[in-house]
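See below for the structure under consideration.
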Amino acid sequence: MFDPELLMFLKWIIGFLTASTLTAFSIAKFASKKVSTQTLSNLKSRITTWWMIVAIFILSTYLGRMGTIVLFAGVSFLALREVFSLLKTRRSDYIVLVFSFLAVLPIQYILVAMKWYGLFAIFIPVFIVSIIAIWKACAGDNEKFFESVASIEWCLILCIYFVSHAPALLMLDLAGNVNENFKLLWFFVLVVQINDVCQYIFGKLFGKTKLNKVSPNKTVEGLIGGLSCSTIIGFLLYWLTPFTNFEAALMALIAGLAGTGGGLVLSAIKRDAGVKDYGTILPGHGGIMDRFDSLCFAAPVFFHLTRYFFAG
């Protein structure tokens, strides 16, 4: 936390949020007749929630690697709870669900804390996937067996395995001290969220061409605007990473594309379940998965590309 580059970056983030807050209050005061009350309320809620998210993330960074791992474990816990609530579970699933929360989730993050990459990378997709399928078969409840097993295992991959790749960036061997890893994590989270936010803004301002039917609010104009902004931000903030400026821009673009795909997948799940949001824990955003859907898909892509090309 005492790294001058990291501190300067955090000051910029706080300054940007302060400017956003002042802008929202100015809009509410001087343009209230032109903007609907619902839009103003949603805008204020979103900004307030961003203050909360940034404050928690700064605190976890201050607490160090373990604090950050615990934070993302909490994100996985809440995300898993939200997604599981959409499943049509049966009595035979209860033990599996409890096993997921009390064993699978903590073990995956303990492996991250231990920097045990070999087991971290295969624990859920190899061992847990096999164990759950065998357990369900032994339980003798074979009604819609494939649908039941696949949906539970997909939830674990999405909410635990994918998300755990974000704090796993702290296990990489990068040049310099541990602050280099924290700066890389901040870079990753920022470019993914900038892509989301700018897609929303550009879509509202200029969106005319619908991207697809799964997410009716997403537009081609929003996609182009979001990816352009996150790529530019990545180029400018390369000094937070082990990348050159052009490499940082490319990594930001790849993370943005992966995150966009994740948003579409999570939107499809919501549409299939017939719900608008995954939850209400984040005012203005919805649930944890409504805010971090893009991070789920972007994290493993970003982690493995960084590990393969840039880590020692």
Side-chain angles (χ1 to χ4, degrees), residues 5-6 9-10 12-13 16 50 53-54 57 60-61 68 71-72 75-76 79 112 117 120-121 157-172 174 180-203 211 215 218-220 222-267 285 288-311:
E5 291 183 342
L6 183 56
F9 171 72
L10 294 179
W12 288 355
I13 293 294
F16 178 77
W50 273 117
I53 292 172
V54 169
F57 203 12
S60 70
T61 304
T68 303
L71 169 64
F72 279 96
V75 170
S76 283
V112 174
Y117 171 77
F120 153 80
I157 292 290
L158 178 67
C159 301
I160 302 177
Y161 184 68
F162 281 2
V163 174
S164 67
H165 280 78
L169 289 169
L170 302 179
M171 75 163 66
L172 297 179
L174 303 176
E180 300 301 319
N181 297 73
F182 278 105
K183 287 187 286 188
L184 180 62
L185 178 58
W186 273 96
F187 173 88
F188 164 69
V189 173
L190 179 68
V191 296
V192 171
Q193 296 303 319
I194 284 289
N195 177 57
D196 273 2
V197 172
C198 289
Q199 281 197 32
Y200 175 81
I201 294 174
F202 277 81
L211 189 60
S215 186
K218 288 188 179 294
T219 64
V220 173
L223 174 65
I224 295 173
L227 291 175
S228 299
C229 288
S230 61
T231 301
I232 293 170
I233 292 296
F235 181 88
L236 295 175
L237 295 180
Y238 76 95
W239 45 271
L240 289 172
T241 73
F243 319 139
T244 65
N245 45 13
F246 289 103
E247 289 169 345
L250 179 60
M251 291 292 282
L253 175 60
I254 292 172
L257 287 170
T260 300
L264 291 175
V265 170
L266 270 297
S267 292
H285 297 270
I288 289 292
M289 288 304 289
D290 293 294
R291 180 64 275 151
F292 295 104
D293 51 359
S294 54
L295 183 143
C296 293
F297 276 66
V301 174
F302 189 88
F303 171 85
H304 287 290
L305 286 176
T306 303
R307 180 178 180 274
Y308 185 82
F309 290 106
F310 302 100

- [ ] Any salt bridge (charged side-chain N to carboxylate O under 4.0 Å, His left out) involving residues 239-250? Give me the pairs, sequence neighbours left out, ordered by first then second residue.
- [x] none

Task: Partners passing ring pair (Phe, Tyr, Trp, His ring centres under 6.0 Å) against F297 (at least two apart in sequence or in another chain) - done: F162

Task: Closest approach of T219 to G203 (non-hydrogen atoms, all atoms of both residues) - done: OG1-CA, 3.6 Å

- [ ] Could you pull out all residues at least two apart from F246 that satisfy ring pair (Phe, Tyr, Trp, His ring centres under 6.0 Å)?
- [x] F235

TODO: Only counting residues at least two apart or in another chain, list the ones meeting side chain to side chain contact (heavy atoms under 4.5 Å, CB included) with F120.
DONE: Q108, L111, V112, Y117, S164, H165, A168, M171, F303

Open item on the list: Can you confirm whether N181 sits close enough to L185 that some side-chain heavy atom of one is under 4.5 Å from a side-chain heavy atom of the other?
Closed with: no

Task: side-chain contact (heavy atoms from CB on, under 4.5 Å) assessment of F243 paired with L250 - done: CA-CA 10 Å; F243 319 139; L250 179 60; over 6 Å; no

Open item on the list: Please report the interatomic distance CD1(I157) to SG(C296), rounded to the nearest 0.5 Å.
Closed with: 12.0 Å

Task: Partners meeting side chain to side chain contact (heavy atoms under 4.5 Å, CB included) with S60 (sequence neighbours left out) - done: F57, T68, L71

Identify all side-chain donor-acceptor contacts of residues 254-265 below 3.5 Å with residues at least two apart in sequence or on another chain.
unit_1, atom_1, unit_2, atom_2, d
T260, OG1, N195, ND2, 3.3
T260, OG1, Q199, NE2, 2.9
T260, OG1, G256, O, 2.8

TODO: Under the ring pair (Phe, Tyr, Trp, His ring centres under 6.0 Å) rule, collect the residues that match up with Y238, sequence neighbours excluded.
DONE: none

Task: S230: side chain to side chain donor-acceptor pair (under 3.5 Å) partners, not counting sequence neighbours - done: none

TODO: List for me each residue that meets side chain to side chain contact (heavy atoms under 4.5 Å, CB included) alongside L190, sequence neighbours excluded, and say none if there are none.
DONE: F9, I13, I194, I233, L237

Task: Contact summary for L295 and A166, nearest pair of heavy atoms - done: CD2-CB, 4.3 Å

Task: Counterpart residues, side chain to side chain donor-acceptor pair (under 3.5 Å), relative to D290 (two or more places apart) - done: K270

Open item on the list: Show the nearest heavy-atom pair for residues G234 and A252, with the distance to one decimal.
Closed with: CA-CB, 3.9 Å

TODO: Applying side chain to side chain donor-acceptor pair (under 3.5 Å), name anything that partners W50, two or more places apart in sequence or on another chain.
DONE: none

Task: Student check: side-chain heavy atoms of L6 and T61 closer than 4.5 Å - done: yes

Task: Residues that L236 engages under side chain to side chain contact (heavy atoms under 4.5 Å, CB included), provided they are two or more places apart - done: I232

Open item on the list: With side-chain contact (heavy atoms from CB on, under 4.5 Å) as the criterion, how do I53 and Q193 come out once you've worked through the C-alpha distance, each side chain's angles and the decisive distance to 0.1 Å?
Closed with: CA-CA 12 Å; I53 292 172; Q193 296 303 319; over 6 Å; no

Task: Between CG on residue L184 and CE on residue M251, distance to nearest 0.5 Å - done: 7.5 Å

TODO: Flag the pair F202 / S228 as yes when at least one side-chain heavy-atom distance between them is below 4.5 Å, and no otherwise.
DONE: no

Task: Between CG on residue L223 and NZ on residue K218, distance to nearest 0.5 Å - done: 8.0 Å

Open item on the list: Using 0.5 Å steps for rounding, measure from the CZ atom of F188 to the OG1 atom of T241.
Closed with: 13.5 Å

TODO: Could you check if a side-chain atom of F310 sits within less than 4.5 angstrom of a side-chain atom of L172, using non-hydrogen atoms only?
DONE: no

Task: Beyond-backbone contact of D196 with D293, side-chain heavy atoms, under 4.5 angstrom - done: yes

Task: 4.5 Å side-chain heavy-atom contact, L158 and M289 - done: yes

Open item on the list: How close do S76 and C159 get, counting heavy atoms only, and between which atoms?
Closed with: OG-O, 2.7 Å

Open item on the list: Does any part of the side chain of F72, heavy atoms only, come nearer than 4.5 Å to the side chain of F292, both counted from C-beta?
Closed with: no

